[in-house]
Amino acid sequence: MYNKTIAELAKGLRSGEFSSVELTLAFLDRIKQHSSLNAYITVTEELALQEAKAADQRLATGDAELLTGIPVAQKDIFCTDGVKTSCGSKMLDNFIAPYNATVVEKFNNAGAVMLGKLNMDEFAMGSSNETSYYGAVKNPWDINTVPGGSSGGSAAAVAARLAACATGTDTGGSIRQPAALCGITGLKPTYGRVSRYGMIAYASSLDQGGPMARSAEDAAIMLQAMAGFDPKDSTSVDLPVPDYTVGLNNSLEGLKIGLPKEFFSEGLSNDVAVAIEAAINEYRKLGATVTEICMPSLKLAIPAYYVIAPAECSANLSRFDGVRFGYRCENPVDLTDLYTRSRGEGFGKEVKRRILMGTYALSAGYYDAYYIKAQKIRRLISEDFKRALSEVDVIMGPVTPSTAFGIGEKIGNPIEMYLSDIYTIAINLAGVPAMSVPAGFASGMPVGLQVIGNYFAEDRLLNIAHQYQQVTDWHSHAPKGFE
Ligand code: GLN
């Protein structure tokens, strides 16, 4: 039963084929069996069984929602009342959140069962899950490779069938890149579509939570539960939430696809390019027309992002000082010692690198040269997207330049690591929604197709992904040993 999609599980729960308690026990068993993947930081076994019992009662009354009784797992960046919320950091290793993130609350209200909290790069900074205080996560398709990051635990857990679905967050690619490397379906919504309340902040103007699932239909079901205005998040957008499942079967006849030539230049590995071309051809067969487009500012996305994201993180992470939150060093001699040692010992290397870069970029004398300049580039990138999306309905391309790389291969070279998000980062700077859709394999490793749409066009993206998943079965392959 762990191989089924949410839609199939919901049917099984209703027909009495299995109960939520049985389903939850099956997943808990698999989590133990495959603990060497290191996908979970915390498994909330007791709580999960309590929630499953309550879900079974709700199902019996006929007042259930699609997610009622479905075992989901939360990225450990979302605050969970009474449950450790570490954000992948030693700094928060002892933090028991006193409230639920809005996203968590919404899953609870829908009657979903939380299996536990998923491993991630420390404070969501990374592209390989190797910066986690809790150790690297392994990619179930090849345990010597990374699952991607920062939502690597989420992607590995969904791919290995250790949860029916999972939440992720995406600041520069952290839903789409791991989804691509693990062969699952991920969606980064429009900035403001999903509440950030209770989602530990990395770069507030870029962070966005979203679904990571086995299919586009499952992602639609999850987004339905997650999306919506939240008065507790001042950047959440007050627009009605459409029904994300109703248009899944709409025809793609006449769909205009744009392929930015910047996405297909040097740096893209040949085997990924071949898989992406084959996927585009499927769309041609489904009635789409394809044109090449030009987005000249895309090449500036990585440098602009690595000024803006560190700048925002240096401000957001200043609260972790050993006094108000987080780890406190042993026997401080005075206040300065308390601050410096708590932060020095509590944060990992990559987080410190970001704080240093961000503090530098924001300092008097450099602010105009770096931060303001980066903001101007951000504006140019947004305009590239607006222009392109007035000519075509969606933009397509690869999610990543290559398939999953080896554990240890890039962690010593930050620039090379940063380049693994070359196709995803611009989307966050513009704030538009984008998906990663399984589009085949290269040497046995999954490849992701990226589908980028206009602001709040999540329903259209889900429709486009779902139609592709009706004529291909890449999304339903399971890694060997995890079937
Ligand atoms: N890899 C990028 C970074 O380290 C993006 C991470 C993310 O989206 N959270 O900043």
Side-chain angles (χ1 to χ4, degrees), residues 75-78 87-89 118-132 136-137 146-155 166-182 186-189 191 194 196 199-212 301-317 347-358 361 374 378 399-402 404-405 409-411 413-436 448 450 452:
K75 183 174 181 180
D76 209 16
I77 197 168
F78 289 100
C87 217
S89 183
L118 295 162
N119 205 341
M120 55 179 284
D121 277 302
E122 185 177 8
F123 284 103
M125 297 171 198
S127 311
S128 66
N129 222 297
E130 292 165 288
T131 73
S132 169
V137 174
V146 304
S150 64
S151 314
S154 308
T167 55
T169 64
D170 192 312
T171 303
S174 282
I175 288 176
R176 291 159 288 154
Q177 186 253 17
L181 301 191
C182 291
L187 166 63
K188 182 207 88 78
Y191 181 77
V194 169
R196 293 187 297 110
M199 192 177 106
I200 296 170
Y202 160 18
S204 310
S205 76
L206 301 158
D207 299 341
Q208 186 61 200
M212 300 180 73
I302 296 243
Y305 174 90
Y306 278 100
V307 172
I308 293 169
E312 293 187 23
C313 104
S314 70
N316 276 327
L317 269 55
F347 287 134
K349 198 168 160 187
E350 185 59 30
V351 172
K352 285 182 200 162
R353 181 175 5 248
R354 307 280 177 108
I355 294 173
L356 284 173
M357 288 198 290
R378 183 175 191 172
V399 178
T400 55
S402 68
F405 46 90
E409 197 180 315
K410 296 192 181 179
I411 194 72
N413 184 341
I415 305 272
E416 226 190 286
M417 185 71 88
Y418 298 170
L419 285 172
S420 59
D421 298 315
I422 190 149
Y423 305 127
T424 52
I425 269 180
I427 284 84
N428 300 72
L429 291 167
V432 291
M435 281 188 83
S436 176
Q450 191 167 203
I452 307 158

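All ligand and atom numbering here is 1-based and tracks the order in the structure. Each residue takes its place number in the sequence, starting with 1.
Some N or O of T171 is nearer than 3.5 Å to an N or O of ligand 1, by distance alone. At under 3.5 Å, a nitrogen or oxygen of D421, whether backbone or side chain, sits near a nitrogen or oxygen of ligand 1. Polar contact with ligand 1: absent for M125 (N/O pair, distance under 3.5 Å).
Side-chain N/O atoms of T169 and D207 include no donor and acceptor closer than 3.5 Å. Side-chain polar atoms of E312 and S205 form a donor-acceptor pair below 3.5 angstrom. For the residue pair K410/S128, the side-chain donor-acceptor check at 3.5 Å is not satisfied. Under the 3.5 Å distance criterion, with hydrogens and angles disregarded, a donor-acceptor pair is assigned to the side chains of K75 and S151. T131 and E122 share no donor-acceptor pair across their side chains, judged by distance under 3.5 Å alone.
Within ligand 1, the atoms closer than 4.0 Å to a non-hydrogen atom of S150 are 9 (N), numbered from 1 in the order shown.
Summary of contacts: the protein heavy atom closest to atom 7 (C) of ligand 1 is S174 OG, 2.4 Å. Of the protein's heavy atoms, Y305 OH, 3.3 Å lies nearest to atom 5 (C) of ligand 1.
Of the heavy atoms in Y202, only side-chain atoms (C-beta onward) come closer than 4.0 Å to ligand 1. Under 4.0 angstrom from ligand 1, the non-hydrogen atoms of A124 come from both its backbone and its side chain. With a heavy-atom cut-off of 4.0 Å, Y306 touches ligand 1 through its side chain alone. Of the heavy atoms in E350, none comes closer than 4.0 Å to ligand 1.
Between S204 and N316 there is a side-chain heavy-atom pair separated by less than 4.5 Å. Counting heavy atoms from C-beta outward, M417 and F405 have side chains that approach closer than 4.5 Å. Within the 4.5 Å cutoff, the side chain of Y418 has no heavy atoms near those of the Y305 side chain.
Between A309 and ligand 1 there is no heavy-atom distance shorter than 4.0 Å.
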